[in-house]
Amino acid sequence: MKYRNIGKYIRQKRLLANISLNSFAFSNDIDPAILSRIETQQQNIKLNILEKIANGFEMTPAQFLTEFEATNGGAYD
């Protein structure tokens with residue numbers, strides 16, 4: 001499974017929830033600059049950040065990745 005487009009998926013999911021980047025980042029103890037670079041695919045996501053992002057959407061990392069694979073999983077290629 002491809003995960004290179006996960007940043008775009010995170011951004012899409014955050015925007016659908018109508019949450020600003022800064023608000024989401026601060027609420028989930030993530031540096032906003034790091035989140036921005038992940039969403040724009042300038043930086044790879046680390047496991048600890050993935051966990052914080054998933055928790056921000058009230059999911060486990062496994063649930064988040066399963067949803068990504070089922071709904072997009074490379075649809076942004």
Side-chain angles (χ1 to χ4, degrees):
M1 198 80 233
K2 297 179 184 178
Y3 291 100
R4 71 178 187 190
N5 295 319
I6 199 162
K8 290 181 181 180
Y9 179 69
I10 292 165
R11 182 174 192 272
Q12 175 191 39
K13 190 166 178 66
R14 181 181 54 73
L15 291 175
L16 285 172
N18 199 30
I19 306 170
S20 73
L21 185 142
N22 284 332
S23 177
F24 186 83
F26 287 124
S27 295
N28 295 289
D29 194 30
I30 303 168
D31 183 323
I34 290 174
L35 182 58
S36 176
R37 288 192 302 266
I38 290 169
E39 288 188 355
T40 58
Q41 297 180 292
Q42 297 173 347
Q43 178 175 328
N44 291 328
I45 191 168
K46 294 182 180 181
L47 186 56
N48 65 322
I49 301 298
L50 174 63
E51 184 176 19
K52 291 178 181 185
I53 290 169
N55 289 338
F57 292 117
E58 299 181 357
M59 306 171 90
T60 67
Q63 290 169 324
F64 184 82
L65 291 174
T66 299
E67 181 181 279
F68 168 71
E69 291 173 0
T71 58
N72 292 294
Y76 295 107
D77 284 338

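FYI, side chains are in, hydrogens and waters are out, and symmetry mates aren't considered; it's all heavy atoms of this structure. Being a predicted model, the structure only gives us computed values, none of them experimental.
A 6.0 Å sphere centred on CZ of R37 holds more than 12 heavy atoms belonging to other residues, nucleotides or ligands. Heavy atoms from other residues, nucleotides or ligands lying under 6.0 Å from CG of N22 number more than 12. Other residues, nucleotides and ligands contribute at most 12 non-hydrogen atoms within 6.0 Å of the CD atom of E58. For N48, the CG atom sits in a packed shell: over 12 heavy atoms of surrounding residues, nucleotides or ligands are nearer than 6.0 Å.
With rounding to the nearest 0.5 Å, the separation of CD1 in I6 from NZ in K8 is 13.0 Å. The CZ atom of R4 sits 8.0 Å away from the CD atom of Q41 when rounded to the nearest 0.5 Å. Interatomic distance, I34 CD1 to I53 CD1, rounded to the nearest 0.5 Å: 10.0 Å. Rounding to the nearest 0.5 angstrom, the gap separating the CZ atom in F24 from the CZ atom in R11 is 13.5 Å.
Of all heavy-atom pairs between A25 and P32, the closest is CB-CA, 3.8 Å. Considering all non-hydrogen atoms of both residues, L50 and F64 come closest at CD1-CD2, 3.8 Å. Taking each heavy atom of S36 and L21 in turn, the nearest pair found is CA-CD1, 3.7 Å.
Side-chain contact between E67 and F57 is absent, with no heavy-atom pair separated by less than 4.5 Å. The shortest distance between side-chain heavy atoms of I45 and I10 falls below 4.5 Å. Side-chain contact between I49 and D31 is absent, with no heavy atoms from C-beta onward closer than 4.5 Å.
At least one donor-acceptor pair under 3.5 Å links the side chain of T66 to the backbone N or O of A62. Without hydrogens or angle criteria, E51 side chain to P61 main chain gives no donor-acceptor distance under 3.5 Å.
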### Task
Let me see the working for Y3 and Y9 under ring-ring contact (aromatic ring centres under 6.0 Å, His included), right down to the final yes or no.
CA-CA 10 Å; Y3 291 100; Y9 179 69; over 10 Å; no
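No chain of hydrophobic side-chain contacts below 4.5 Å, direct or via other Ile, Leu, Val, Met, Phe, Trp or Tyr residues, connects L16 to M59.
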